[in-house]
Every structure is written in structure tokens, then in C-alpha cells.
Amino acid sequence: MALLIGVPKETAPGEKRVATVPEVVEKLVKLGFAVAVENGAGDAANCSDDAYRAAGAEVLPDAASLWARADIVFKVRPPSADEVGLMREGGMLVGFVWPAQNPGLMQQLADKRATVLAIDALPRQLSRAQKMDALTSQAGVSGYRAVIEAANAFGRFFNGQITAAGKVPPAKVFVAGAGVAGLAAIGTAANLGAIVRANDTRAEVADQVVSLGGEFVKVDYEEEGSGGGGYAKVMSEGFQAAQREMYAKQAREVDIIITTALIPGKPAPKLITAEMVQTMRPGSVIVDMAAEQGGNCELTVPGQAVVRHGVTIVGYTDLASRLAKQSSTLYATNLLRLTEDLCKAKDGSVDVNFDDDAIRGLTVIKDGEVTWPAPPPKLPAAPPKPKAAAAAPAAAKGHGHGAVEPMSGRTLAIVFAVGALLFWFVGAYAPASFLQHFTVFVLACFVGYMVVWNVTPSLHTPLMSVTNAISSIIAIGALVQVAPPLTAAGAADRPNTLILICAVVALVLTAINMFGGFAVTRRMLAMFRK
């Protein structure tokens, strides 16, 4: 018998998301599951009950009936004590649980002999787990929304403009933390035309910041900040002091600060002090994305937007929920991918397989037994470093196998002498017309080598096809053969029929190569245009 997946209405204050959407319901039904949704569960995310019914879901009148019937419950926020009380014995819960922060909830669920898959416990370092990574999908939405909230509170254009009424400078945005949310904020702010700066304790994200149109601001202190699971680690006191100095400088210069620094299970680090806020220009904005864990700014009020010293400090804790339709769709897709891994047979049943590192990491309670924290996943071994060639020093001296010794001065002189003698012989005895063509041939070989052969192979891509303009040399040569220059008497020598045919063919092929190259380049560039 197919298991029933239940989707209740979220009861957390201000939560507008829903754990699945009608488009995903259809796919769950194809996997063999029955789906039931509480009445009005998706209203705040623009998912009507009629849309759920059309997708194949049953709409139940209240939460009690849904929790009592559902074999598997999909949720966004952790369930309340009342919701756990409604849960059927031995049922399954899938959603955000935060086991480290909610030991009481974990015990309640264990007493229900439930099986709990905490989507926030997913081992994110596994590449195959990315399709289920709801933390990443929701953080991306939050980063985008943070910029929208900043723009709403800022009161000025983000992009610079020159109008008849005067010049408007672009907004300057500083993003503290270049994780998933930070990178989403950087890209959004840059696309709106702002000057974007960013910082992160992990040096490897600098290239990602630059690729999104931002400038990476480095702390004047050498320390590696990468932690496990894609998070940053807690830095030393020396680094934090240098970081605070850098933040103080940015606060004086920028218009908007977006903070994203947060390590799971720990209070949000205080990055922006009250003194830094006082140095910001009136009308500036701070969006504190870590407000739910206390905030990165000392003056943040979780859940509110307040004005302190003329600076608007946005501490909303529901940024993803403020784009409920988008975030619900992404979250529902994450849960669908998880369900596909649990139900490989597509028969409406689930198999919580502990041999799968991703499933093992997600499972915090199994049949009432607490299995959290999971053991570290078995990551693939790093590829071995290539051994240094022992013969390299010898090869450099010309003693290794296959080594090529640099040409000596004497040998080089002999080569040039032989070449000069050969050219003299050709010039003395060959016809004038042959000498002319031979000179063009030698020059063509030289130009071809320098323009094509001497270019790094990695640059030989369709995007570099404009370099095919070298074909114009061939086109000019073919045109000369088709329409030879006039002689002193004013008449043109009629070319040989075979030469004429070869010239026409060369002209056609060269034209295809040239115009085709430009067409391919145009299409490639169009892919990157907004």
C-alpha cells in the first residue's frame, strides 16, 4: 500500500512557505505516493487548494486529521510541541529540525518512535547531496531578498546615473561573508548597478566574488578560514582584531552593509559595533541576515527594522519567507530529490539506507533511536600528487632521455648560411613568377605559425574564432589569382583554368570559415548578454 505524504500548514509566526507545491505533487504521485495537504497550507505561497487537487493531492480540513493520517510529514520549520503530539506513532518527519539547538524536540520525537530526517543535517561536502541541499537553496533566496530589502530602505538608486537634474553616484555595498547567501547578495547588488565589495575568511572565494562583479577586500592578516561542510571556522583573536579594523573602514565608506556571518550551533559573531554604526552616513542601511541567531550587528533587533544613529538596521528573520513562492518551489524540489533517493523502486515506499552517506547524515532519529550526530561521511580519496620527474635536472642539462639541447651559436650560424645559400640558388635560377609565389608562401608560413601555431591551445575555442581573420590572407591571394594585376601594357594575364578553379574554391571555403567564425562568436557572446 502506498504511503501517504502529509503537508501541514506552517504554524510559526510569519512563515509563508509550504513544504511542497502542486508541480512537485505530480512527481510525488508518479513515485507511487499518496499526497495530502492541509486546507490553506499553500495560500501564502500562491498555491491554492484547487491547484493541489488538480495535481492529485487530497486536501484535508485541519492539522489534526493530516498529522493522524500521514505516514510521512513534510515540513519547513521544526514542529511545535502541539504538532508532535498530533503525530502518529512510528511516523516519519522530513524538514528543518536543528537537532543541536532543539534537544527537547528531539526527545519528544524519539518518544513517538518517529524516524526523523533533518534536512539541515545533510552532509553538504558530498557532491551527490547538492540536489537535496535545502540550506543552499534557501540561503540563495535570502541573499537576493536582503538586497531587495536594502534597496527599499536606502531611498536612492543603486546604479549611477547622469540626468538633466544632476549626477547620481552609484551605491556602495559591502557584503560581510561570501557564502551562498553572500554570493547571491553580491550578484544581485552588482546587477542593480552598485559598487560591491565583499570579504570572507576563506581566501578561495575571492575568485567567486570577482566573477560576480564584486571586489574582494582582504584582511591584513594571514590565516586560513575554511571550516568543515562548506562553513567558515572561528578565527583567532589576532585575525578578528584586523577584521574589525577593516570593517570599521568599510563602514565609513559604504552606503549599505549586508552581513551573513553565521556558524551553525553558535551565536552569530558581532562584526559591526555600535561605534561603527555611528560612523556611517545618515541614510545608510545594514541588513543583518544573522538576526535569528542574535545578529552580526550589536544594534540589530531580530524581526524588526530599526533606525539607530540615522542608519536603518534591518533584522528580519524571514527573508526566504518573503519570497514564499520561489523559496517553496526550491525547497519542494530538494525534498523531491530526497524522496527519489528514499524510493528508488518508485512503489510508494521508503528505505532509510544507512549505507548511503547522504541518508545516514540526514537521519537524526530512526524508529525512536537518536542517531545524531552521524559519523563523518566517507569522502573519495584525493588524487595522488604527481611525482616530480627525477630526470628533470638531467634533462635540463641535456643528459636525460629524449632531452633537446639548445642550439649552439655555431650550429645556428651554419643553419642560416645554408638557408641563405638556398635562397640565392632559388633566386638565381628559378623563374621570376616562382620567386614571387615562393616569397609569399614563406611569409604565409611565418605569419601562420606566429598567429595560430604559437597561440596557447587553451585559447582555441569558438569564442576565439575571430582569429580566423587570418583567412583573409588566403582570400586576398585567391582574388589575385582570379583577377590578376594589369601588366605594363594595360592587359591582364588570363590565369590557367586549373588555377582559376582552385582560387575560386579557396575563396568560397575561406569565406565560409571567416563568416562562420564571426557567426559562432556572435552566438557565444549572446549567451552572456542580459
Side-chain angles (χ1 to χ4, degrees), residues 142-161 166-179 181-190 192-201 209 213-221 239-262 267-317 319:
S142 297
Y144 174 89
R145 182 68 190 196
V147 177
I148 302 303
E149 295 294 341
N152 179 60
F154 184 45
R156 269 184 30 212
F157 292 142
F158 260 48
N159 62 323
Q161 296 187 19
K167 180 180 178 181
V168 180
K172 294 181 180 179
V173 179
F174 177 71
V175 180
L183 292 173
I186 292 166
T188 305
L192 288 175
I195 297 173
V196 185
R197 305 170 185 170
N199 168 261
D200 196 278
T201 57
V209 171
E215 174 192 351
F216 188 78
V217 182
K218 195 174 183 298
V219 177
D220 190 16
Y221 193 97
F239 182 92
Q240 291 181 33
Q243 188 182 53
R244 283 193 293 270
E245 183 179 343
M246 182 269 292
Y247 284 151
K249 179 183 177 182
Q250 294 299 322
R252 292 191 297 268
E253 296 179 358
V254 302
D255 304 300
I256 296 169
I257 296 178
I258 299 175
T259 64
T260 69
L262 190 62
K270 299 300 181 186
L271 305 180
I272 309 299
T273 64
E275 291 77 13
M276 294 180 193
V277 175
Q278 292 180 26
T279 64
M280 297 181 72
R281 289 188 286 266
S284 298
V285 179
I286 297 175
V287 180
D288 194 339
M289 296 185 63
E292 195 165 6
Q293 300 298 325
N296 296 137
C297 177
E298 289 182 347
L299 303 180
T300 296
V301 179
Q304 298 182 33
V306 297
V307 179
R308 299 288 186 268
H309 308 293
V311 177
T312 302
I313 304 173
V314 179
Y316 297 148
T317 58
L319 289 172

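The shortest non-hydrogen separation linking N296 to A261 is ND2-O, 2.9 Å. Here the closest heavy-atom approach between residue V196 and residue A189 is recorded as CG2-CB, 3.7 Å. Residue M289 comes nearest to A181 through the heavy atom pair CE-CB, 3.6 Å, listed as atom of the first residue, atom of the second, then distance.
Here I258 contributes atom CD1 and E149 contributes atom CD; the two are 10.5 Å apart, rounded to the nearest 0.5 Å. With rounding to the nearest 0.5 angstrom, the OG1 atom of T317 is 10.5 Å from the CD atom of Q293. From Y316, atom OH reaches atom OG1 of T300 across 12.5 Å, with rounding to the nearest 0.5 Å. Rounding to the nearest 0.5 Å places CD of Q161 at 12.5 Å from NZ of K167. Within the model, atoms OG1 of T201 and OH of Y221 stand 13.5 Å from one another, a figure rounded to the nearest 0.5 Å. Taken to the nearest 0.5 Å, the CD atom of Q243 stands 9.0 Å off from the CG atom of D200.
V147 places a side-chain heavy atom less than 4.5 Å from the side chain of L192. Contact annotation: the side chain of I257 never approaches that of V287 to less than 4.5 Å [non-hydrogen atoms, C-beta and beyond]. Contact check for V254 versus R197: side-chain heavy atoms found under the 4.5 Å cut-off. Looking at T188 and R145, their side chains never come closer than 4.5 Å, going by heavy atoms from C-beta outward. Between R281 and D255, the closest side-chain pair of non-hydrogen atoms falls below 4.5 Å. Side chains of I256 and F174 form no contact here, defined as non-hydrogen atoms less than 4.5 Å apart. Here the side chains of C297 and D288 are in contact, with some heavy-atom distance below 4.5 Å. The side-chain heavy atoms of I195 and E215, taken from C-beta on, include no pair separated by under 4.5 Å.
Among T312, V285, L299, the one residue that satisfies the side chain to side chain contact (heavy atoms under 4.5 Å, CB included) test with V307 is T312.
Under the salt bridge (charged side-chain N to carboxylate O under 4.0 Å, His left out) criterion, K249 pairs with no residue, sequence neighbours left out.
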Under 3.5 Å, sequence neighbours excluded: what are the donor-acceptor pairs made by side chains of residues 269-280?
{"from": "K270", "atom 1": "NZ", "to": "G294", "atom 2": "O", "distance (Å)": "2.7"}
{"from": "K270", "atom 1": "NZ", "to": "G295", "atom 2": "O", "distance (Å)": "3.0"}
{"from": "T273", "atom 1": "OG1", "to": "E275", "atom 2": "OE1", "distance (Å)": "3.4"}
{"from": "T273", "atom 1": "OG1", "to": "M276", "atom 2": "N", "distance (Å)": "3.3"}
{"from": "T279", "atom 1": "OG1", "to": "M276", "atom 2": "O", "distance (Å)": "2.6"}

